[in-house]
Amino acid sequence: METIARELLNAVLYTRIDGQLCAGRIVETEAYAGTVDRACHAYGGRRTKRTEIMYLPGGHAYVYLIYGIHHLFNVVTHRKDQPHAVLIRALEPLEGVEVMIRRRNRPDNPYKLTGGPGLLTRALGITTRDSGVDLTGDRIWLEESGEPVPEKTIVRGPRIGVDYAGADALLHRRYWIKDNPWVSGKK
DNA sequence: CTGACGATTCACT
DNA sequence: GTGAATCGTCAGC
């Protein structure tokens, strides 16, 4: 749901995986709007073992493998059987930075530690094993950061990497915090 | 069973 | 700027 994609900006994503606590502030998201969105894995009402997670009630994690290499993390946002989700595209690291650096094992550009959907899952230790986990649990969870993002500093634009979605690729369902250096991709 | 391909990242020209 | 990496998922036979 698009409202939730906006609301998730500034929320803090925590993981406690392999005994390591990590946290990052969400600075970029994308909304995937269920069965009528060509860019959504559940387009047309498709239900498979993988996409079944998106049909769970909001508050679960939907994680999948892309290009055989990267794990992408989403928050399921709607009620049961409404397969909407928000992809977390970028974080600003807050806690466990040393752990993230070790997991990423590539200390070139610091903004690339968690500045991309495949990068932040690597840094936080999230994999497809975590698909379906309850985000109110103690392995992966979200917390409000207090201050909501001022409306003026939220920017929106077309989603990235969904050209196959035809006209739906043009919809402005990507949200990010203006001028935040951790935001991935281009304008 | 088989083949095509992806909500990406990185190395290299 | 281009192309490779790499494998689970999915549709089709």
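The structure presented is a predicted model; accordingly, all values stated were derived computationally and were not measured. First the proteins, then the strands, lettered A, B, ... as listed; each starts at 1. Side chains are part of it too, since the values below use all heavy atoms of this structure and drop only hydrogens, waters and symmetry mates.
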[X] side-chain proximity, nearest of [options]:
X: Pro117(A); options: dT8(B), dC10(B), dC10(C); value: dT8(B)
X: Arg104(A); options: dC10(C), dC10(B), dA5(C); value: dC10(B)
X: Arg46(A); options: dC7(C), dA11(C), dA5(C); value: dA11(C)
X: Lys112(A); options: dA5(C), dC10(B), dG6(B); value: dC10(B)
X: Tyr64(A); options: dA7(B), dA5(C), dT9(C); value: dA7(B)

Distance, rounded to the nearest Å, where [X] contributes [atom1] and [N] contributes [atom2]:
X: Trp176(A); N: dA7(B); atom1: CH2; atom2: P; value: 19 Å
X: Leu87(A); N: dT8(B); atom1: CG; atom2: P; value: 7 Å
X: Tyr164(A); N: dA4(B); atom1: OH; atom2: C1'; value: 15 Å
X: Leu65(A); N: dA7(B); atom1: CG; atom2: P; value: 11 Å

**Study point:** Option passing salt bridge (Lys or Arg N to Asp or Glu O under 4.0 Å) with Glu30(A) (candidates Arg89(A), Arg159(A), Arg156(A), Arg173(A))
**Key:**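 Running salt bridge (Lys or Arg N to Asp or Glu O under 4.0 Å) over Arg89(A), Arg159(A), Arg156(A), Arg173(A) with Glu30(A) returns exactly one hit, Arg89(A).
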Check your understanding: Base, sugar-phosphate, or nothing for Arg159(A), non-hydrogen atoms under 4.0 angstrom?
Key ->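 No contact.
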Review point. Thr128(A) near the nucleic acid: base, sugar-phosphate alone, or nothing, with a heavy-atom cut-off under 4.0 Å?
Key: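 Counting heavy atoms under 4.0 Å across all strands, no contact is made by Thr128(A).
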Tell me whether the OP1 or OP2 atom of [N] has a side-chain N or O from [X] closer than 4.0 Å.
X: Tyr67(A); N: dG8(C); result: no
X: Arg89(A); N: dT8(B); result: yes
X: Arg122(A); N: dT9(B); result: no
X: Thr48(A); N: dC10(C); result: yes

**Study point:** Pairwise P distance for dG1(C) and dA7(B), with rounding to whole Å
**Key:**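 Roughly 22 Å separates the two P atoms.
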Review point. Which whole number of Å gives the distance between the P atom of dA4(B) and that of dA4(C)?
Key: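 16 Å, rounded to whole Å.
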Review point. Are Tyr32(A) and dA7(B) stacked, counting the six-membered base ring, centres under 5.5 Å, planes under 30°?
Key: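 Yes; centroid distance and tilt both under limits.
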Review point. Are the aromatic ring centres of Tyr64(A) and His41(A) under 6.0 angstrom apart?
Key: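 So the answer is yes for these two rings.
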Exercise for review: Go ahead and name the base partner of dG3(B); Watson-Crick or wobble counts if both distances stay under 3.5 Å, otherwise write none.
Suggested key: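 Base-paired to dC10(C).
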**Study point:** Electrostatic pair Arg16(A):Asp138(A) at N-O distance under 4.0 angstrom
**Key:**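 Salt bridge flag = no for Asp138(A) with Arg16(A).
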Practice item. Examine the side chains of Thr128(A) and Ser131(A) and answer whether a donor and an acceptor come within less than 3.5 Å of each other. Key: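 There is no such pair between these side chains.
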Practice item. With side chain to side chain contact (heavy atoms under 4.5 Å, CB included) as the test, would you mind laying out the steps for Arg139(A) and Thr15(A) before giving the verdict? Key: CA-CA 5 Å; Arg139(A) 181 172 170 84; Thr15(A) 64; over 6 Å; no
